[in-house]
Protein chains: 2
Amino acid sequence: MSLIAARLDVSVATVSNALAGKGRVSPDLAARIRAMANDLCYVPGMAGRALRTGRSYVLGLVLPDIANPLFPQIAQAIESSAAEAGYGVLIADSRNNVSTQTEVIGRLLERGVDGVVIVLRRGTRVADVGTPVAVIDSPSTPGNTVSADHWQGGQLVMDHLIGLGHRKILIIGNNPDSIVQNDRIGGMKSRLSNGAESEVIWVEKVEARHGPGCPLGLADYYRAGFTACSAVSDLTALRALTEILGAGISVPENMSVTGFDDLVWSPVVRPSLTTVRMDLAAIARIAVEALTLAIERRAAGDDLPKGPVKAPPHHKESVPMSLVIRQSSARAMTTQRTDNGGYSR
Amino acid sequence: MSLIAARLDVSVATVSNALAGKGRVSPDLAARIRAMANDLCYVPGMAGRALRTGRSYVLGLVLPDIANPLFPQIAQAIESSAAEAGYGVLIADSRNNVSTQTEVIGRLLERGVDGVVIVLRRGTRVADVGTPVAVIDSPSTPGNTVSADHWQGGQLVMDHLIGLGHRKILIIGNNPDSIVQNDRIGGMKSRLSNGAESEVIWVEKVEARHGPGCPLGLADYYRAGFTACSAVSDLTALRALTEILGAGISVPENMSVTGFDDLVWSPVVRPSLTTVRMDLAAIARIAVEALTLAIERRAAGDDLPKGPVKAPPHHKESVPMSLVIRQSSARAMTTQRTDNGGYSR
DNA sequence: GGGGGGTGATTAAACGTTTAATCGAAACTA
DNA sequence: TAGTTTCGATTAAACGTTTAATCACCCCCC
């Protein structure tokens, strides 16, 4: 910048004004400055700007569990929205540990991030920091900024399965403490109709009894007349799918399987997985917008209300999910076989 | 910092020296300063430091394909190593597009990152930028900084399968242009012995003929006497596994299936997937160390050799992979059935 | 023709940190 | 005792940007 100023024999202030379009600069001089800047491949140094303005144009993204297969989608969505708003994204991984979570948030703040996006799990509360925070979890979570409408997503699958004629539906959850999973299951149950019934099993509970990686005994449910498995996550659905296939029960002819989140492998397994997808792009956009709004306000002198930022008024706090119908769900068998469901093969 | 200085009635320089342990400060004054700093919850502002020293203590991490299921592991490893070295990690996503790759690298540089870690795919070359760059791809890739020893990984699975008595082994690749995949396959083939034979199919090629998501015709290979599928990635392995199970062929009794990378779902599917894992923690550590070393050197005035940084001398440029034996691989059937392999069920 | 107002540019301070140069005093040396 | 280190701390400049305050100037109007 000072180089540009020297070359055109003007003051750096004028250069700054011209490039920022702020002060009073004559149109032609401004044009000459822009030309020269472009000529010299000048890019404003963030360090000086950050120092002067107190803003780094960097957001922190803290994930509770980086092994989470959703991470790529989330990171992609947040990074994209942030980039569009002129922000970079600094990642942090609190290894599902609530104490390291506060620690990594602290590190992000030391780095001078202007705001933080936190993806919660199991409804952890996040302490108040001096910086705007957006929380993505579930509409049921207190202090949630924006998230997918998991309840409605549950309704979506259940409507789909009921519509296909299924009447005995096994719901497979993972962790009973997860607000997200409970929302999804609640939505499912709310749409049981026409005498349809459901049963819920929790993977963590059966693993607590039989060890990690144990079979879920799905063949037994099949023999008991269940014709569909609705899992709260594609990971669980995949586990169910392979177990069912391995038991010689064909999918979707004898048993339908559905999941949640449309993870990478869902389209490629055979049969490809019917699932419910969140609109992470929209969610990220709203979260980032809420955050940047709060940042602007704070820079203007207002002090923030306590707690995570709220979704901007013209946006919904919960984003509808959409059903992705693939091969793993089909019409329920009309002639029900309640005995001899395979398993011996 | 100036607040500390005022409170103790010393100069800011002294405070800086005391906290950095650099200049000459009397031990007791230094202690008092540290105490006061701790008392005031003082954290040095990165902006000022960055401006003065020209270093941001931030690394950029650019992934070619953020949908890549390996992303969580990589990001975790890099973030962890970087944090240990005192660096933050700014993520960038070049959506498998080489032009956006250079663009996002540019954005990272504008943000003032001190170095960049690039995970390549398909051997893209990366243009010289004014900042140290570490490349993670494959030992065969020119300019590679560090990576897993994919060739040796291929040998690992093949030794395993041969040891289990398999003699006709189907190798499933994804993209023929991928250096990584070719390395893995090369390693596999180099360990064919005892009259064992292999055949390679490429998913992208068969999809080009029969459309995306099409069956790979694995039952035919089973009928033709193949007893093992060695996929070049867990994603492909999973696809193979589900197709085989769906065809009524049991795994691993009739057919063994192996993959690569130990992705999230590999332990949870049934049968759980035998796979080859890279030591991403070690790889990330070496990459970050090489990078920080180059950064130090550059800060000391040396100018860098062109091209990506090289692994530090006391480290290997290629990190050995390790075999993770699970349920999906087992001893080959002794009595080979070349006809009637299932498929009808 | 002198005061007032708008215009286009400059000046200078400020952000928070590091660091080379300086300086006073105490301690050692000849 | 005078000269010379050594120690402990200070001074001041510097990084690159923004921005409030200032200034010179021209134009207009009474």
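No hydrogens, no waters, no symmetry mates; every other heavy atom, side chains included, goes into these values. Below, chain A is the first sequence line, B the second, and so on; all start at residue 1.
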Can you tell me how far [atom2] of [N] sits from [atom1] of [X], to the nearest Å?
| X | N | atom1 | atom2 | result |
| --- | --- | --- | --- | --- |
| R111(B) | dT17(D) | CZ | P | 15 Å |
| L3(A) | dG16(D) | CG | C1' | 13 Å |
| L51(B) | dA13(D) | CG | P | 17 Å |
| N17(B) | dT10(D) | CG | P | 10 Å |
| I33(B) | dT17(C) | CD1 | P | 13 Å |
| L29(B) | dC7(D) | CG | C1' | 13 Å |
| Y57(A) | dT18(D) | OH | C1' | 12 Å |
| R32(A) | dG8(C) | CZ | C1' | 13 Å |

Problem set entry | Side chain of A13(B) (C-beta onward), nearest among dT11(D), dA9(C), dA9(D) | dT11(D)
Exercise. Of the nucleotides dA12(D), dT17(C), dA14(C), which one has an atom closest to the side chain of R52(B)?
Worked result: dT17(C)
Taking 4.0 Å as the cut-off, does a side-chain nitrogen or oxygen of [X] come that near to OP1 or OP2 on [N]?
| X | N | value |
| --- | --- | --- |
| K22(A) | dT19(D) | yes |
| R49(B) | dG16(C) | no |
| T14(B) | dT10(D) | yes |
| Y42(B) | dT17(C) | yes |
| S26(A) | dG8(C) | no |
| S11(B) | dT11(D) | no |

Seminar exercise, completed: Comparing V12(A) with G48(B), nearest DNA chain D nucleotide closer to 5' gives the residue G48(B)
For this session: Name the nucleic acid region contacted by S16(B), choosing base, sugar-phosphate or nothing; use a 4.0 angstrom heavy-atom cut-off, strictly under.
Result: base
For this session: Have a look at R24(B) and say if it touches a base, only the backbone sugar-phosphate, or nothing, with a 4.0 Å heavy-atom cut-off.
Result: base
Exercise. Would you say the side-chain atoms of T145(A) pair up with the backbone N or O of V309(A), donor to acceptor, closer than 3.5 Å?
Worked result: yes
Exercise. Any Lys/Arg nitrogen of D128(B) or K306(B) sitting under 4.0 Å from an Asp/Glu carboxylate oxygen of the other?
Worked result: yes
Exercise. Does R107(A) pair with E103(A) as a salt bridge, N-O distance under 4.0 Å?
Worked result: yes
For this session: Please test V58(A) against D114(A) for side chain to side chain contact (heavy atoms under 4.5 Å, CB included), starting from the C-alpha separation and ending with a verdict.
Result: CA-CA 6 Å; V58(A) 171; D114(A) 292 336; 5.9 Å; no
Exercise. Is any side-chain heavy atom of N17(A) closer than 4.5 Å to a side-chain heavy atom of R24(A)?
Worked result: no
